[in-house]
Asker: 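Below you will find the structure I want to go over with you.
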Amino acid sequence: MRAPAATKDGIAERLGEARQRTLRLVEQLGEEQLNSVYSPILSPLAWDLGHIANFEELWLVQTAGGREPLDGNLGAFYDAIENPRPGRNELPILRGNELRAYMDKVRERALDVLAELELEDSEDPRLRDGFVYEMLIAHEHQHNETMLQLLQMIDGYDPPDLDPAPAGEPSSDGPEMVEVPSGRHRVGAADRGFAYDNERPRHEVELGPFLIDRAPVTNGAYSDFVAETGAEPPMYWERDGEGGWVSTTFGRRAEVDQALPVIHVDHGSAEAFASWAGKRLPTELEWEAAAAGADPARSNLDGRAFGCAPAGAYADGAADCGAVQMLGDVWEWTSSELEGYPGFRAFPYPEYSQVFFGTGLKVLRGGAWATRRNVIRPSFRNWDLPGRSQIFAGFRCAGDADR
Ligand code: AVJ
Ligand code: FE
């Protein structure tokens with residue numbers, strides 16, 4: 001079945017909505033904050049803003065419209081691969097009014113091009129069914145999450161009131177682990193509709209049976225692990241002076257809530273916890289098989305809550321196997337290294353994911369509270385260096401079931 005092609009009006013509206021959210025996240029900040037380096041592994045916010053617009057110019061103005069860029073030199077500074085994060089603030093990037101004007105001008109030109117194009121039956125697979133437009137909307141959303149990784153380091157940052165906090169979601173009790181029966185599982189994204197190249201081709205794998213934690217590992221369980229083994233606490237935890245922990249994100253000191261999923265742990269710590277618990281991390285394909293049936297609409301995504309819901313919440317969005325919160329709350333580390341699926345073809349550009357295959361990056365699945373809802377789907381693959389913990393990453397454990 002063919003997905004209904006997005007209308008041009010719909011695309012324009014979603015581009016507008018993405019920009020509104022981007023600007024809302026930074027609206028309370030001054031020039032100095034936009035141009036400060038808070039962490040050597042994160043870009044200044046001004047770089048993200050310019051990069052979002054420059055990427056839009058590349059794809060929606062130059063590629064889609066065959067037009068010349070406003071300033072052909074900018075691409076060199078906003079190329080993420082050519083310019084590693086440390087040092088981005090030393091580049092002659094756009095700042096202040098110049099930056100805002102560039103963002104607006106690019107958007108205006110992108111909408112002009114959109115109005116002229118024939119998308120549905122385009123000969124160009126990059127344009128057909130609006131592929132590059134979906135990609136650019138997703139890209140802006142993805143950079144919102146990168147920006148949140150930095151925004152949480154700013155003292156006194158006031159989370160914008162984007163929406164009322166998610167209504168009281170039914171929490172659930174159940175077994176510690178649920179079983180995914182053995183069988184052939186379809187993984188990856190179908191040929192039609194928007195998905196990144198690394199999710200394709202869809203293929204079948206023989207798995208299981210295996211067990212997977214019903215809910216993400218909690219702060220409570222993780223504190224026990226730290227207390228017993230002397231392991232490092234998660235990033236943004238500090239001692240409260242009475243043997244407990246406080247978290248310090250967004251410049252606020254708050255008692256660590258034992259019931260919430262643990263967040264800001266690196267891959268090695270997740271693995272160490274799993275073996276301490278007599279378990280292991282799931283492979284990414286086990287994770288995807290376990291996530292079948294999970295409902296992205298009933299998940300803590302989209303930055304609405306500015307934090308996690310208690311482990312066991314969103315029971316109405318549970319996957320078919322009974323696992324809850326497979327989508328949303330925290331990205332979940334898997335034991336898998338990022339590689340191309342059998343038959344992988346880079347599209348529309350190898351620098352999105354192909355250049356990272358086989359370089360020791362670990363796959364994360366499921367999206368976090370900070371991930372925009374339409375970025376995520378069960379086949380979506382995220383990745384990072386195993387030592388990174390500024391990302392919104394937690395995990396759940398897996399184990400072998402008796403055959
Ligand atoms: C898929 C999150 C690892 O941020 O480096 C953004 C996404 N690619 N711009 C990243 C991405 C190009 C990417 N991750
Ligand atoms: Fe990018």
Side-chain angles (χ1 to χ4, degrees), residues 15 18-19 21-22 25 39 41-60 63 74-86 88 91 93-94 103 106 131-151 189 194-200 264 266-267 284 301 303 330-334 336-341 344 346-372 374-377 379-393:
L15 281 166
R19 182 56 47 84
R21 178 69 70 95
T22 300
L25 287 173
S39 154
I41 57 171
L42 290 171
S43 319
L45 290 159
W47 188 89
D48 278 277
L49 296 174
H51 167 82
I52 288 169
N54 186 249
F55 199 67
E56 175 170 334
E57 184 171 40
L58 176 63
W59 287 100
L60 301 192
T63 304
L74 287 177
F77 312 128
Y78 290 118
D79 183 311
I81 296 195
E82 293 302 314
N83 303 288
R85 285 171 177 183
R88 284 181 184 169
L91 297 168
I93 56 171
L94 299 174
M103 294 176 80
V106 168
F131 185 93
V132 281
Y133 291 92
E134 298 301 334
M135 183 173 84
L136 265 286
I137 293 167
H139 182 255
E140 183 150 357
H141 289 335
Q142 284 172 281
H143 274 274
N144 283 180
E145 183 170 337
T146 320
M147 291 164 67
L148 280 163
Q149 291 169 20
L150 185 139
L151 291 168
F194 178 78
Y196 280 111
D197 55 4
N198 64 44
E199 297 165 69
R200 293 183 163 135
H264 297 304
D266 67 16
H267 186 268
E284 64 164 320
L301 289 161
V330 290
W331 284 104
E332 299 184 14
W333 285 113
T334 71
S336 303
E337 185 177 334
L338 184 72
E339 294 283 2
Y341 286 160
F344 168 85
F347 177 79
Y349 70 117
E351 291 79 13
Y352 179 76
S353 53
Q354 188 179 27
V355 298
F356 299 108
F357 292 167
T359 62
L361 297 157
K362 291 291 185 175
V363 174
L364 300 118
R365 294 296 201 109
W369 65 262
T371 310
R372 293 230 50 196
N374 62 2
V375 165
I376 210 66
R377 50 195 161 264
S379 62
F380 185 90
R381 306 169 77 197
N382 191 8
W383 63 88
D384 217 317
L385 292 166
R388 286 289 166 87
S389 45
Q390 88 284 1
I391 54 177
F392 300 97

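Remember, it's 1-based here, ligands and their atoms both numbered in the order they're listed. All residue numbers refer to positions in the sequence shown, counting from 1.
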Asker: Could an N or O of ligand 1 be found under 3.5 Å from any N or O of His139, whether backbone or side chain?
Answerer: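 It does: an N or O of His139 is found under 3.5 Å from an N or O of ligand 1.
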Asker: Less than 4.0 Å between atom 10 (C) of ligand 1 and some protein heavy atom, yes or no?
Answerer: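 No, no protein heavy atom sits under 4.0 Å from atom 10 (C) of ligand 1.
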Asker: Does any N or O of ligand 1 fall below 3.5 Å from an N or O anywhere on Thr146, backbone included?
Answerer: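 Thr146 vs ligand 1: no N/O contact under 3.5 Å.
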Asker: Using a 4.0 Å heavy-atom cut-off, which part of Tyr352 comes near ligand 1: side chain, backbone, both, or neither?
Answerer: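 Under 4.0 Å from ligand 1, Tyr352 contributes side-chain atoms alone.
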Asker: Distance check, rounded to the nearest 0.5 Å: Ile376 atom CD1 versus Arg365 atom CZ?
Answerer: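 So the gap between those two atoms works out to 9.0 Å.
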Asker: Out of curiosity, Glu337 CD to Thr359 OG1, how far, rounded to the nearest 0.5 Å?
Answerer: 7.0 Å
Asker: Can you see whether Ser379 engages Glu199 through a side-chain donor-acceptor pair at a distance of less than 3.5 angstrom?
Answerer: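 Yes, a side-chain donor-acceptor pair sits under 3.5 Å.
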Asker: Please write down residue, atom name and distance for the protein heavy atom closest to atom 14 (N) of ligand 1.
Answerer: Asn382 OD1, 3.7 Å
Asker: To the nearest 0.1 Å, how far is atom 5 (O) of ligand 1 from its closest protein heavy atom, and which atom is that?
Answerer: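 Protein heavy atom with the smallest distance to atom 5 (O) of ligand 1: Arg85 NH2, 4.7 Å.
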Asker: Can you tell me how far the CD atom of Glu332 sits from the CZ atom of Phe392, to the nearest 0.5 Å?
Answerer: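 These two atoms lie 15.5 Å from each other.
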Asker: Tell me which protein heavy atom sits closest to atom 13 (C) of ligand 1, plus the residue, atom name and distance to 0.1 Å.
Answerer: Trp383 CZ2, 4.6 Å
Asker: Drop me the distance from Leu136's CG to Phe131's CZ, to the nearest 0.5 angstrom.
Answerer: 10.5 Å
Asker: Without hydrogens or angle criteria, can the side chains of Thr22 and Glu140 be said to hold a donor-acceptor pair below 3.5 Å?
Answerer: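 A donor-acceptor contact under 3.5 Å links the two side chains.
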Asker: If hydrogens are left out, which of Gln149, His143, Gln142 has an atom nearest to atom 6 (C) of ligand 1, that is, the closest non-hydrogen atom?
Answerer: His143
